[in-house]
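Shown next, in structure tokens, is the structure this report addresses.
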Amino acid sequence: MPESKPPRKKATTPAAPAPAKVEGNPPWLVPTMLTLMILGLIWIVVTYVSQTRFPVPEIGNWNLAIGFVLLFAGFGLTLRWR
């Protein structure tokens, strides 16, 4: 009985290497992150020390919300830090 020939393999070209990703921080990330966290902390401390009369007297306890939003925005930026 004659032997069958093996199937021909297609010529393959080597896959192009993936472009190298440059991993790092944008130059604005760390200063912005630290500024937001420090500003939020200062806003909260001033609100407590002045018994909600400062930094914006008309909004009362909402000053705490502004301080915490600034603080959390700074912490949110830490998720992008590499």
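Remember, it's a predicted structure, so these values are computed and weren't measured experimentally. The analysis underlying the following values was restricted to heavy atoms, covering all of them including side chains, and did not include hydrogens, waters or symmetry mates.
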Listed pairs under 3.5 Å, donor-acceptor, residues 22-39 side chains, sequence neighbours left out:
| unit_1 | atom_1 | unit_2 | atom_2 | d |
| --- | --- | --- | --- | --- |
| Asn25 | OD1 | Arg82 | N | 2.9 |
| Asn25 | ND2 | Arg82 | O | 3.4 |
| Thr32 | OG1 | Trp28 | O | 2.6 |
| Thr35 | OG1 | Pro31 | O | 2.6 |

For residues 67-80, please give each side-chain donor-acceptor pair under 3.5 Å, one per line with the distance, not counting sequence neighbours.
| unit_1 | atom_1 | unit_2 | atom_2 | d |
| --- | --- | --- | --- | --- |
| Thr78 | OG1 | Phe75 | O | 2.4 |

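Using a 4.5 Å heavy-atom threshold, the side chains of Tyr48 and Leu64 count as touching. Between Ile59 and Ile66, some side-chain heavy-atom pair lies under the 4.5 Å cut-off.
Scanning both residues, Phe54 and Asn63, for their nearest heavy atoms gives O-ND2, 3.7 Å.
Residues in residues 38-64 take part in no salt bridge (charged side-chain N to carboxylate O under 4.0 Å, His left out) pair, two or more places apart or across chains.
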